[in-house]
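Report on one structure; see the data block that follows.
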Amino acid sequence: MAGVEQDVQGGALQAEPAVAANGASAAMAEAPLASAGSADIAVENPATGEIVASVPDLDATAVAQMAARGRAAQPDWDALGFDGRARVMRRAQKWLMDNADRVVETIVSETGKTHEDAQFAEISYAANAFGFWAKHAKGYLDDQRVKSSQILVKGKKLLLRYRPLGLVGVIGPWNYPLTNSFGDCIPALMAGNSVILKPSEVTPLTSLLMAEGLRECGLPEHVYQVATGRGATGAAMIEQVDMVMFTGSTRTGRKVAEEAARRLIPCSLELGGKDPMIVLSDADLERAANLAVYYSMQNAGQTCISIERVYVEAPIYEEFVSMVTEKVRALRVGEPKGPGSVDVGAITFPPQIDTIAEHVADATGKGAKVTVGGHRLEGQRGRFFEPTVLSGVDHTMKVMTEETFGPTLPIMKVSDAEEAVRLANESPYGLGASVFTRDAARGEQLAKRIHAGATNVNDALINYTALELPMGGAKASGLGSRHGAGGIRKYCDQQAIVITSHLAFKREIHMFPYRARTTRMLQRLFKVMYGRGRRD
Ligand code: NAD
């Protein structure tokens, strides 16, 4: 396994044979094996079935020790200021570019995704994010002078300050080990926090490799630590941190929110989706078909904002289905053996392939037609599902209402845009959406009527790359958002500071002793200030 054979502070993450020898490199450099918990977790390459490494399943004691070290390291990290922290992030950006092949191989080895999916949606995201937060953190978080219309604070200095929360816990899913696990650590770190990342037990290796990279770039020890383990490790981490940033399923997200509520710490949740695409009769069909295929099959459909269902106006339905079917038929699926070797990679999480097969079977059982694909790919060492297009679908079928998270594209005929918008909104989820039409103004209007965190017109998913825009889910797709000002301010407390000059009056007019004359005067003043509103 290229990419994760590394020696870090006495911990060596071995490739083969599966290990745990000295444990999982960086994580274990931070947490002694003695308290690492009872069992190790084997990491499988889903494209080959090989076990490529193993990492410790950390217990609550190990996590508590990590938290103590993270807290101790945080004040000095914060004291470096924005410029000092930005220097480390810019070095990390360069490190990522210098080590891109190694990071790609690590991602591919634990997810089974193609080299292109690792390159375009992970490396490029993280590289951009290092630079973005290095550049913008100060602007988003620097002390702000605030003006107030309140007469009682006239002449005083009002400041809004963002103070790092201290220790942030990030919990990640398996589908994007760099973008969706490590990626959220970057703004949390730039805000001046220490971070513990609990990556998915299915894909922990990339997070560990990034610990090695950050250390090489001069990140002080224990400011970024990786707590490998299963759900219990994540739960133990929530007990320790000052804020939790969670990305994963809606089911687990609810549990995380409950635990955060019990501890009264903030949480930010990026959860599941069932993103709709609407294709109107006047759309550029070639572009719509190409984007439908790419954004439903890219990363083998294992993207929270994948196109998961399509609504097409009746006059163009047959043509659209046949265009998409032919394009999907041309996709090459199988073990990624280097750039350009396949288009669609493996199904990363073992139970996911059963969900995909179940959704397809449920749909065909209720009358849907598979126009291409429809089965697990047999005769391979790894875990693959054929890129699949379904027509004749409706909302009685799971493939149109539940998150499938696989290379499937169900396409439903609708009579008009109104029906499409109604059906797009008929979902517990509200993550992303897209509308295709040559009428940009109409597209924009329809976009505003879709209850989703992000909607693209004549595009899909691309909003995610614009880190200036907030990205978060509506409804059961999440709470809060990443990116933009809110994507870093959430890692801080807000503190209001009011500074009154030492030359101020010895006693202010509203204070004791209360006198009828002063009260009447203030009453008249309030009437002048607030009593002139129109009565409509
Ligand atoms: P999951 O909810 O099963 O697991 C996510 C993480 O939570 C893992 O690290 C897991 O170990 C941990 N965990 C499990 N139980 C826990 C508990 N009780 N307390 C704390 N942590 C616990 O999700 P998954 O299967 O890894 O990821 C796939 C899901 O993630 C999909 O639903 C997908 O849509 C979603 N996702 C959302 C986004 C987004 O930005 N909205 C991005 C990527 C993935």
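Atom set for the values below is all heavy atoms of this structure, side chains included, hydrogens, waters and symmetry mates excluded. One-based numbering, in listed order, for ligands and for the atoms of each.
- In terms of modelled atom types and a separation under 3.5 Å, the side chain of K475 and the main chain of N425 share a donor-acceptor contact.
- Of the N or O atoms in S477, none lie within a sub-3.5 Å distance of an N or O in ligand 1.
- With a heavy-atom cut-off of 4.0 Å, R251 does not touch ligand 1 at all.
- With respect to atom 24 (P) of ligand 1, the closest heavy atom belonging to the protein is W174 NE1, 3.4 Å.
- For the pair K448 and E444, the salt-bridge criterion is met [side-chain N within less than 4.0 Å of a carboxylate O].
- Formation of a donor-acceptor pair under 3.5 Å by the K327 side chain with backbone atoms of A289 is not found in this model.
- Contact annotation for P199 and ligand 1: only backbone heavy atoms (N, CA, C, O) come within less than 4.0 Å of the ligand.
- Ion pairing between E259 and R262 holds under the 4.0 Å rule for side-chain N and carboxylate O.
- At a 4.0 Å heavy-atom cut-off, ligand 1 touches N175 through the side chain alone.
- Residue contact check: S200 has heavy atoms under 4.0 Å from atoms 9 (O) of ligand 1.
- Under the 4.5 Å side-chain criterion, counting only non-hydrogen atoms from C-beta, I356 is in contact with P407.
- The single protein non-hydrogen atom nearest to atom 43 (C) of ligand 1 is N180 OD1, 3.2 Å, given as residue, atom name and distance.
- No salt bridge links R309 with E426; every basic N to acidic carboxylate O contact stays at or beyond 4.0 Å.
- Classification of K198 and E201 as a salt-bridged pair holds, one side-chain N sitting under 4.0 Å from a carboxylate O.
- For R482, the closest heavy-atom approach to ligand 1 falls below 4.0 Å.
- For atom 23 (O) of ligand 1, the closest non-hydrogen atom on the protein side is S249 N, 3.3 Å.
- Across R263 and I238, no two heavy atoms sit closer than the pair NH1-O, 2.6 Å.
- Considering backbone and side-chain atoms alike, Y464 places every N or O at 3.5 Å or more from each N or O of ligand 1.
- Aromatic pair Y491/Y140: centroids not less than 6.0 angstrom apart.
- In terms of polar-atom proximity, F349 is not counted as a contact of ligand 1, lacking any N or O under 3.5 Å from an N or O of the ligand.
- The nearest heavy-atom contact from the protein to atom 7 (O) of ligand 1 is F246 CE1, 3.2 Å.
- Protein heavy atom closest to atom 18 (N) of ligand 1, with residue, atom name and distance, is K255 CD, 4.0 Å.
- For Y429, there are no ring-ring contact (aromatic ring centres under 6.0 Å, His included) partners at least two apart in sequence or on another chain.
- In the displayed structure, K135 atom NZ is contacted under 6.0 Å by at most 12 heavy atoms of other residues, nucleotides or ligands.
- For ligand 1, the atoms lying closer than 4.0 Å to a non-hydrogen atom of G272 are 32 (O), 34 (O).
- Looking only at protein heavy atoms, the nearest one to atom 19 (N) of ligand 1 is A235 N, 3.6 Å.
- Set against the non-hydrogen atoms of R230, the atoms of ligand 1 under 4.0 Å away are 11 (O).
- Among all non-hydrogen protein atoms, the one lying nearest atom 42 (C) of ligand 1 is C304 SG, 3.0 Å.
- A search for ring-ring contact (aromatic ring centres under 6.0 Å, His included) contacts involving W77 returns nothing, not counting sequence neighbours.
- Using 4.0 Å as the threshold, F405 has a heavy atom nearer than that to some atom of ligand 1.
- Among G248, P173, G172, G234, the residue whose heavy atom sits closest to atom 8 (C) of ligand 1 is G172.
- Look at D184 and K490 and you find no salt bridge, because none of the NZ, NE, NH1 or NH2 atoms lies under 4.0 Å from a carboxylate O.
- Open room surrounds CZ on R254; 12 or fewer heavy atoms of other groups in view lie less than 6.0 Å from it.
- Annotation for ligand 1: atoms under 4.0 Å from non-hydrogen atoms of E270 are 37 (C), 38 (C), 39 (C), 40 (O), 41 (N).
- When each atom of ligand 1 is checked for a heavy atom of L431 under 4.0 Å away, the hits are 41 (N).
- A donor-acceptor contact shorter than 3.5 Å is absent between the side chain of S194 and the backbone of A73.
- The shortest separation from a heavy atom of G472 to ligand 1 is not under 4.0 Å, leaving the residue out of contact.
- Contact annotation: for I305 versus ligand 1, there are no heavy atoms closer than 4.0 Å.
- Considering only non-hydrogen protein atoms, atom 34 (O) of ligand 1 sits nearest to E403 OE2, 2.6 Å.
- In the vicinity of G231, heavy-atom distances shorter than 4.0 Å reach the ligand 1 atoms 11 (O), 13 (N), 14 (C), 15 (N), 16 (C), 17 (C), 19 (N), 20 (C), 21 (N), 22 (C).
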